[in-house]
Structure formats: structure tokens, C-alpha cells
Amino acid sequence: MALMTGDEYVESIRRLKMKIYMFGETVDNPVDNPILRPSLNSVKATYDLAQLPEHADLMTAKSHLTGKKINRFCHIHHSTDDLVKKVKMQRLCGQRTASCFQRCVGLDSFNSVFSTTYECDRKHGTKYHENFLEFLKEAQEKDWTVDGAMTDPKGDRGLSPGRQADPDLYLRVVERRKDGIVVRGAKAHQTGICNSHQVLVMPTIAMGPEDRDYAVSFAVPLDAENLFMVIGRQSCDTRKLEGSDLDVGNREFGGVEALVIFDNVFVPNERIFLNGETDFSGMLVERFAGYHRQSYGGCKVGVGDVLIGAAALAAEYNGAHKASHIKDKLIEMTHLNETLYSSGIACSCEGSETASGNYLIDLLLANVCKQNVTRFPYEITRLAEDIAGGLMVTAPSEKDLRHPRIGPYLDKYLRGVASTPTEDRLKIMRLIENLTLGAAAVGYRTESMHGAGSPQAQRIVIARLGNMERKKALAKNIARIK
Ligand code: SF4
Ligand code: FE
């Protein structure tokens, strides 16, 4: 069953007995929960799209391990073409869901753990790559969604993992047994965790020899004993409980994040991919972050396409679309969005082969891509709000629109051009609200800033890979300075 249908995916998640907390209560059935369901639907879209012949080239690939057709979200990149297709697939998924579809953290962790375990084994004689290949084979065969989990809570940012007042603020090994390890700690802001089959944990920073217990990577199922998650709030989240399609802006899709707590979780030996080799922690972090910074040049661009389209419709629906400043704002939004895409594609085209045989993006360009993502969606959002006008935050509820007495007044006074139903105008206002201020703003705005690393994290890599010495030499050469 190397390719699951969307419905099969939903049922496979339903079978997991996850421990999820939300609003101070346990959620017994996340699959049918109205607050969580839209986020499940976004992941489901990655399965549904893979079933369509017209998207087979982007959404599926051939496994290099088994030769079988698999979902591209489970694929190991073996060429720059694979890297480019990944970005195009993400743009497509962003266009179809207008939200974070969550599955890329798994893909990015697969590819970074694949190459790092290979190099670690060569140096240390460990067996992590073998372990990982077995895990990957199962993930491909069962078409798993895997949550790549990197971000530790980090406590005092001025202190290394081992020097924290509370040693659990970075996830660590607390016991080494013959048959495996016991880990304790947490991973924060975990995208899509309650919609995943497995979690693949990685360290969050480069480490020194004293942080041996923190240099750990492994995979466990989401219903592992002593593992639980606490769902993060989103702006307007409880609106989903009101039963109004119109008021939520995006009825079908959304994203979800959670704090995941590992309260003494056992990991069997065969699922360990790093255990104390601190010299490979930095490599794993850099590669995962690099792949995920590339990802944003696809997913955020797809969501941006929807937002730009919504802004254009808002202008058409109120008759402002012919004004030159509106046209110019839409051009600016498009320019910014395509600039993000350009760097996503560029870092993919400039990718190269690692020692393990898979392909890594150009790290400098991937970091430039994500640095742009920390800025441009904010400007695109600002322009969308400018075009939308105040109605996107003052529009009354659907219940008022349907009210027998006041509804006709709203229909009359909130209409723009006579030929467009007021309801359609309100739908677009709500979609723009959803993307810029509402539930999806987590994925489009703040995640653009902090997801895959905050802006400063990219600037550190840009400083390191920017090769200032060569630039100075070029200038000296032209200026004829010896
Ligand atoms: Fe994928 Fe983008 Fe969500 Fe990351 S933020 S998981 S790249 S959709
Ligand atoms: Fe993300």
C-alpha cells in the first residue's frame, strides 16, 4: 500500500490512540474535532492530490529503496530535478489548502537524517543509517506522515543545554539501556503533530562534547507511552465551533501546532539515528533547517497566490479594480511572491550530491530564500489589507446576514458592485481575514517569521557562506590594490 487514499489516511490517524490536550481537556477523537479537523484535511490533501493523474509527476516519485511508486513527501531527493519538484509540489499544496499542510517537516527530516547518519556511520562505525533505512522503508510502504521535530523549548537562550537550571529544557537521554534509550524533554511549535503517524526527533543546535545526552535523534509513533501533546491556540479558533462556513473564511483547511512532551519515552535501539555523537548534531540541524528554508519558497508562495487572488476579487467586488494604484499593488504583491519562489527554485537548481547520494539544496540560497520569507509575506499581507478595506474586520456574522429582519439591510448596505452578491463579497473578506489575522495567519505570517528558524538564524548562515574574503579580493583586483 505504498500510496494511501485521503480517506485511508484519515482512518489510519483515527486508529492511533494519541494523548492530546486542548482547552484543559483531553481530546478523545481529534479526527472529528471541529477545531482540529481542518488541519487534518490539509494533510489529507497531500494524499488526495497524489491520487490524481494530472499531479502524479509532482506528487509522487519512485522509491530508490524499493522501486515502488511513493508519495513525494516520503522521497529521498536524488537529483536537482527532485529538489525543484519538491518546491513545485509545495506551491501546489499551498494553493489548494491556503494553509500549512504540515507534511514537509517529515520530508525534510528524512533527507537530512538520511545523509547525516551516513556520514556519522562512516566516521564512528555506528549503525544509524541502517536503522534509518529500515524506518524510511516502512514510512514509504505505509505512506506515513512523519513530524520532523527539532525545536526545543530552550529555556535561557544564554546557556547551553547542559547548563540550564532545568536540564530537561532541551530533550535528552535520561537512561541508556541494553535494548534502547529513555528520553525526556519537549519539542515546541510542532506543526501537524496530531495529524502524523510518527515523530522524528532531532537536536536543535550544534553541540559540544559536554552535551552528549542532548545529541539524540530517533523516531517513535505518536501514540507511544508517556508522549502527549498540548494544542496551541490560534486566533479565532473557537469560531470553528459556531458552525458557520462563511465566518471561518476557510471552511475546509487549516494548520495546527502543539507542544509535545516526552515524559520518559522509551526508544528501541533500531529507531535511534544519533545517540551522543555531538559532532554530527550541527550537521543535522543545518541540513534540516536548510531543506525547510527551501520549503518556504514553495508553500508560502502557494498560500500567497490565494491571498493575491482574494485581494484582486475584493477590488472587483467593490468596483475599485480599474484604479491604477490597485493594479500596481497587485503587481507588487505578485512581484514579491514570485521573488520568494525564485529563491526556492534557485537553491534547488544549485543543489549538489552528498556523500550518501541524496541531494542537498544550496544552503546559502536556501537561507536567502527564508530570509525573504521573514519579510515579503508581511508586505503582501499589508497590501491585501489595504485593498480589502475595513470591512474585513468589521463585517457582521453570517447569522446576522441570514436574520429575517436585519439580513436584508446587510445585503443592501454591504454590497459593492450591484452584480456581485453581498455574500460573495463577505466570503472574500473572511478569507483575507483568515489569512492575515485569523487561524491561518499562524501559518502565513508568524510562521513566515519564525518557522524553519527566526531571521537571525539565517543571517548567521548567510554571514558564514557569503564568502566576504572572495568579494574583497574581487574588489581589490578591479581597483588594482596589491
Ligand atoms: Fe510545509 Fe510550509 Fe507547513 Fe513547513 S510551513 S510544514 S514547509 S506547509
Ligand atoms: Fe513550518
Side-chain angles (χ1 to χ4, degrees), residues 38-47 49 58-59 71-75 77 83 85-112 144-151 187-196 199-200 202 204 232 234 250 253-258 260 287-307 337 340-341 343-345 347-348 361 366-367 369-374 376-377 435 439-455 457-458:
S39 71
L40 184 85
N41 288 341
S42 294
V43 183
K44 179 175 177 282
T46 69
Y47 291 85
L49 286 167
L58 290 186
M59 296 299 306
N71 193 300
R72 188 173 291 282
F73 279 100
C74 292
H75 186 50
H77 316 298
L83 292 169
K85 280 183 177 158
K86 171 198 168 190
V87 173
K88 291 186 175 179
M89 168 181 76
Q90 289 167 315
R91 186 171 188 170
L92 172 71
C93 294
Q95 290 170 339
R96 295 307 170 91
T97 61
S99 62
C100 168
F101 38 89
Q102 307 149 50
R103 208 172 167 186
C104 332
V105 277
L107 173 61
D108 293 338
S109 63
F110 288 158
N111 277 277
S112 42
W144 276 339
T145 289
V146 172
D147 194 299
M150 179 159 278
T151 309
K187 291 287 177 182
H189 327 302
Q190 283 315 303
T191 292
I193 188 91
C194 63
N195 301 324
S196 302
V199 57
L200 202 175
M202 297 160 284
T204 200
Q234 295 175 338
N250 184 349
F253 301 110
V256 69
E257 275 78 27
V260 192
R287 290 184 180 178
F288 175 77
Y291 281 123
H292 210 53
R293 290 168 192 172
Q294 168 210 26
S295 289
Y296 278 38
C299 77
K300 301 294 180 244
V301 179
V303 179
D305 287 328
V306 178
L307 183 55
N337 206 40
L340 298 179
Y341 186 55
S343 48
I345 293 294
C347 71
S348 306
I361 57 298
N367 278 273
C369 175
K370 172 69 213 317
Q371 181 80 179
N372 285 337
V373 174
T374 65
F376 296 176
L435 284 166
V442 177
Y444 190 61
R445 283 178 53 133
T446 313
E447 196 179 41
S448 287
M449 179 69 81
H450 294 296
S454 307
Q458 291 112 54

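Each ligand, and each atom within it, is numbered from 1 in the order the structure gives.
- In this view, Thr191 and Cys100, Gln102, Glu257, Glu447 satisfy the side chain to side chain contact (heavy atoms under 4.5 Å, CB included) rule, not counting sequence neighbours.
- The count of protein N, O or S atoms under 2.8 Å from atom 3 (Fe) of ligand 1 stands at 1, with waters excluded from the count.
- For the pair Cys194/Val256, a side-chain contact is recorded, criterion being any heavy-atom separation below 4.5 Å from C-beta on.
- Counting heavy-atom neighbours within 6.0 Å of Lys85 NZ, excluding the residue itself, gives a total above 12.
- Side-chain contact between Cys74 and Phe110: present, with at least one pair of heavy atoms (C-beta onward) separated by less than 4.5 Å.
- Under a cutoff of 6.0 Å and an axis angle of 45°, Lys300 and Tyr296 form a cation-pi pair.
- Listed by number with element, the atoms of ligand 1 under 4.0 Å from a non-hydrogen atom of Lys300 are 2 (Fe), 5 (S).
- Excluding water, every protein N/O/S atom under 2.8 Å from the Fe ion (ligand 2) is given here by residue and atom: Tyr296 OH, Glu447 OE2.
- When all heavy atoms are compared, the tightest approach of Ser196 to Gly192 is OG-O, 2.9 Å.
- Scanning for side chain to side chain contact (heavy atoms under 4.5 Å, CB included) contacts around Ala149 gives Asp147, Lys187, Gln190, Val199, Val201, with sequence neighbours left out.
- Below 30°, between 30° and 60°, or above 60°: for His292 and Phe288 the angle between ring planes is below 30°, a parallel geometry.
- Residues Leu107 and Met89 meet the side-chain proximity criterion, which asks for heavy atoms closer than 4.5 Å.
- Contact atoms of ligand 1 toward Tyr296: 4 (Fe), 5 (S), 7 (S) (distance under 4.0 Å to a heavy atom of the residue).
- Closest non-hydrogen pair, Leu83 versus Gln294, comes out as O-NE2, 3.3 Å.
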